[in-house]
Amino acid sequence: MEIKEDIRALSKKIGKKNLIMGFVLFLLGTAITAATFITAYKTGGTLYLLYGAIGFGFIQIIRGFRQWRLNDYSLIYALNKKHYGAEEPEKTWKCPKCGNVNPNTTFFCQHCSYELQ
C-alpha cells in the first residue's frame, strides 16, 4: 500500500505543477495577445498572436487536472513499470510453494498467498 500512496502523492504533486504552469502560460499568452490586439487596432501597430503559449497552456491545464484530480494512469503505469519492471498480463508464473499457476498481474499466489520477492 505504501507504493500506491507514493504514486498518488507524486501524481498530485506533478499534476499541481502542470496545472499552475498551464494557467500561467495560458493567461500570459492571452494577455499579451489581447494587449497587442488593442494596440494594433488603435494605432496600427504589430499584432502578436501567441497561439503556441495559449494552446500549450490549455493542454497543460487538462493534463495537470487529470494527474492532480483523476490520478492519471499513464503516470501510474510509468512508475509501476520503473519499480516492478514491464508488466505482461498474458504471462503466468508458477508458485514455488504450492505449484499454482497465477497471472503475471499479481505478486501473490491466489491459492496459498505466497508473496513474490
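Residue numbers run from 1 in the order of the sequence given.
- Contact of the R63 side chain with the Q60 side chain is registered, since non-hydrogen atoms from C-beta on lie closer than 4.5 Å.
- K94 is linked by a side chain to side chain contact (heavy atoms under 4.5 Å, CB included) to nothing, counting only residues two or more places apart in sequence or in another chain.
- Take L27 and apply the side chain to side chain contact (heavy atoms under 4.5 Å, CB included) test, not counting sequence neighbours, and it matches no residue.
- Looking at residues two or more places apart in sequence or on another chain, you find a side chain to side chain contact (heavy atoms under 4.5 Å, CB included) between K97 and C95, C112, Y114.
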Criterion side-chain contact (heavy atoms from CB on, under 4.5 Å) on F23 and I61, from CA distance to verdict: CA-CA 6 Å; F23 274 121; I61 290 170; 3.7 Å; yes
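- Annotation for I59: hydrophobic cluster partners, listed by chain and number, are none (ILVMFWY side-chain heavy atoms under 4.5 Å, direct or chained).
- Evaluation of the side chain to side chain donor-acceptor pair (under 3.5 Å) rule for N102 yields N100 as partners, not counting sequence neighbours.
- One finds the NZ atom of K12 at 11.0 Å from the CG atom of L19 (value rounded to the nearest 0.5 Å).
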Atom pairs and distances, side-chain donor-acceptor, residues 29-43, under 3.5 Å, sequence neighbours left out:
{"unit_1": "T30", "atom_1": "OG1", "unit_2": "F26", "atom_2": "O", "d": "2.7"}
{"unit_1": "T33", "atom_1": "OG1", "unit_2": "G29", "atom_2": "O", "d": "2.8"}
{"unit_1": "T33", "atom_1": "OG1", "unit_2": "L50", "atom_2": "N", "d": "3.1"}
{"unit_1": "T36", "atom_1": "OG1", "unit_2": "I32", "atom_2": "O", "d": "3.0"}
{"unit_1": "T36", "atom_1": "OG1", "unit_2": "T33", "atom_2": "O", "d": "3.1"}
{"unit_1": "T36", "atom_1": "OG1", "unit_2": "Y48", "atom_2": "N", "d": "3.2"}
{"unit_1": "T36", "atom_1": "OG1", "unit_2": "Y48", "atom_2": "O", "d": "3.1"}
{"unit_1": "T39", "atom_1": "OG1", "unit_2": "A35", "atom_2": "O", "d": "2.9"}
{"unit_1": "T43", "atom_1": "OG1", "unit_2": "T39", "atom_2": "O", "d": "2.7"}

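- Summarising the hydrophobic clusters (Ile, Leu, Val, Met, Phe, Trp, Tyr; side-chain heavy atoms under 4.5 Å, direct or chained), the residues clustered with M21 are L25, F56.
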